[in-house]
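In what follows, a single structure is set out as structure tokens and then discussed.
Naming convention: chains lettered A, B, ... in sequence-line order (proteins, then strands); numbering from 1 in each chain. Everything numeric in this text was worked out from a predicted model, so none of it was measured.
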Number of protein chains: 2
Amino acid sequence: MQNSEAMALSAALLATAGELTQRIHEGVVARGFEGLRPAHGFAFARLAPDGATVTDLAAHLGVTKQAASQLVEELVRKGYVERRPHPDDARARLVVLTELGWACTRAAEESAADAVRAWADVLGEGEMRALYTRLVSIAPYGPIRPAW
Amino acid sequence: MQNSEAMALSAALLATAGELTQRIHEGVVARGFEGLRPAHGFAFARLAPDGATVTDLAAHLGVTKQAASQLVEELVRKGYVERRPHPDDARARLVVLTELGWACTRAAEESAADAVRAWADVLGEGEMRALYTRLVSIAPYGPIRPAW
DNA sequence: GAATATAGTCAAGCAGCTTGACCAAATCGT
DNA sequence: ACGATTTGGTCAAGCTGCTTGACTATATTC
């Protein structure tokens with residue numbers, strides 16, 4: 001594959017990712033959740049299963065603890081998460097989603113599904129699944145970083 | 001496709017895009033181009049063929065004219081682009097890549113090709129091309145926005 | 001040819017991140 | 001068991017990249 005093709009592939013990937021972020025965000029807003037930025041969605045993704053500490057979150061987002069702490073503080077203020085004492089570690093605090101936070105997470109899932117459905121309309125369901133499995137097989141495990 | 005699958009696909013896409021950005025940037029740095037941020041790469045992509053005005057660039061990047069103007073000023077200072085009078089419009093100025101800017105663009109292409117090659121090692125060349133064509137067919141035309 | 005729109009810059013302000021310093025609780029090493 | 005070190009978290013200050021608002025100069029419209 002030539003360099004120019006690699007560049008075209010990269011551009012397509014990055015443009016698609018940017019648009020997806022935009023659409024999910026718009027969908028979340030349209031469902032009535034305001035005062036959130038796309039970055040919060042990535043935080044929710046980490047908090048969703050069982051909560052996480054600020055340090056976990058910082059690692060997941062690829063930012064400093066301080067930045068993650070500020071982000072949590074903002075989400076607490078807006079009612080999406082709450083801090084609970086950590087069961088095993090008196091220094092740490094477990095950040096968990098509130099019911100509002102869960103509702104917002106479901107809204108994000110619906111928005112993502114809407115966006116993905118638009119692609120499926122173009123590609124077809126089978127091609128869509130192929131795209132899915134390919135992307136998953138090359139997706140990294142590390143922190144989720146902004147596309148730029 | 002279920003909502004949770006759509007979310008998993010989205011996460012994979014965004015994580016991959018973030019990693020790609022990171023790798024291209026690291027590759028560019030490794031090739032000796034410093035003082036650049038990933039956003040500059042997207043500016044280069046718009047400037048590459050024949051140059052562009054600040055307003056064009058702003059639309060392409062999805063930011064204000066002022067932000068684009070500051071970015072251009074920075075690139076001028078660092079020697080990657082230069083401002084020329086616009087041939088048809090005395091108000092406007094055409095921003096074009098310098099030789100250094102072109103060299104940096106080529107370095108970015110090489111870095112992108114390296115990153116893509118790593119995926120081809122996992123997927124195989126054929127699967128890679130399939131991924132490419134599918135991504136291109138769903139990639140949007142609008143402004144390139146950050147993934148969050 | 002006056003009214004309006006467009007290209008670009010200057011200036012000020014703000015939001016989100018960073019570095020640096022610090023405290024309290026946990027863990028390590030002897 | 002206990003001092004030394006590491007780890008989780010916050011506070012404070014500062015920087016950077018973006019925004020909004022105001023303005024000038026050239027183009028376009030009627």
Roughly how many Å is it from CD in B:Glu73 to P in D:dG17, rounded to a whole number? 13 Å

Close side-chain approach of B:Ile24 to B:Pro38, heavy-atom, < 4.5 Å: no

Between C:dT9, D:dT10, D:dC18, which nucleotide has the shortest distance from any of its atoms to the side chain of A:Arg83? D:dT10

Length of the NZ-C1' vector between A:Lys78 and C:dA15, whole Å: 11 Å

Does D:dT24 have its OP1 or OP2 closer than 4.0 Å to a side-chain nitrogen or oxygen of B:Arg91? no

Do the charged groups of A:Arg134 and A:Glu127 touch, with an N to O distance under 4.0 Å? no

Rounded to the nearest angstrom, tell me the gap between atom CZ in B:Phe42 and atom C1' in D:dG17. 16 Å

Could you give the NZ-to-C1' distance, from B:Lys65 to D:dA25, as a whole number of Å? 12 Å

Pair A:Arg106 + A:Glu99, salt bridge at N-O below 4.0 Å: yes

Tell me: CG of B:Leu61 to P of D:dG17, nearest whole Å? 14 Å

Between the main-chain N or O of B:Leu71 and the side-chain N or O of B:His40, is there a donor-acceptor pair closer than 3.5 Å? no

Flag the pair B:Glu110 and B:Arg117 as a salt bridge only when some basic side-chain nitrogen lies within less than 4.0 angstrom of an acidic carboxylate oxygen. no

Need to verify one output field. Residue with the more 5' nearest nucleotide on DNA chain C, A:Arg37 or B:Asp56? B:Asp56

Taking 4.0 Å as the cut-off, does a side-chain nitrogen or oxygen of A:Thr53 come that near to OP1 or OP2 on D:dG9? yes

Selected nucleotide, minimal atom distance to A:Thr64 side chain, candidates D:dG8, C:dT19, D:dT10: C:dT19

Length of the CZ-C1' vector between B:Arg93 and D:dT26, whole Å: 14 Å

May I ask you to say what A:Ala67 touches in the nucleic acid, namely base, sugar-phosphate or nothing, with a heavy-atom cut-off under 4.0 Å? base

Can you tell me which nucleotide in D:dT10, C:dC17, D:dT7 comes closest to the side chain of A:Gln70? C:dC17

Which nucleotide wins on minimum distance to the side chain of B:Asp89, given the candidates C:dT9, C:dG8, D:dA27? D:dA27

Expressed in angstrom and rounded to an integer, what is the separation of A:His40 atom NE2 from C:dC17 atom C1'? 13 Å

Check: A:Gln66 side chain, C:dG20 base, donor-acceptor under 3.5 Å: yes

Which of the following nucleotides, D:dA27, D:dT6, D:dG9, is nearest to the side chain of A:Val54? D:dG9

Send over the distance from A:Glu74 CD to C:dC14 P, rounded to a whole Å. 16 Å

Between B:Thr55 and C:dG8, is there a side-chain N or O to OP1/OP2 distance below 4.0 Å? yes

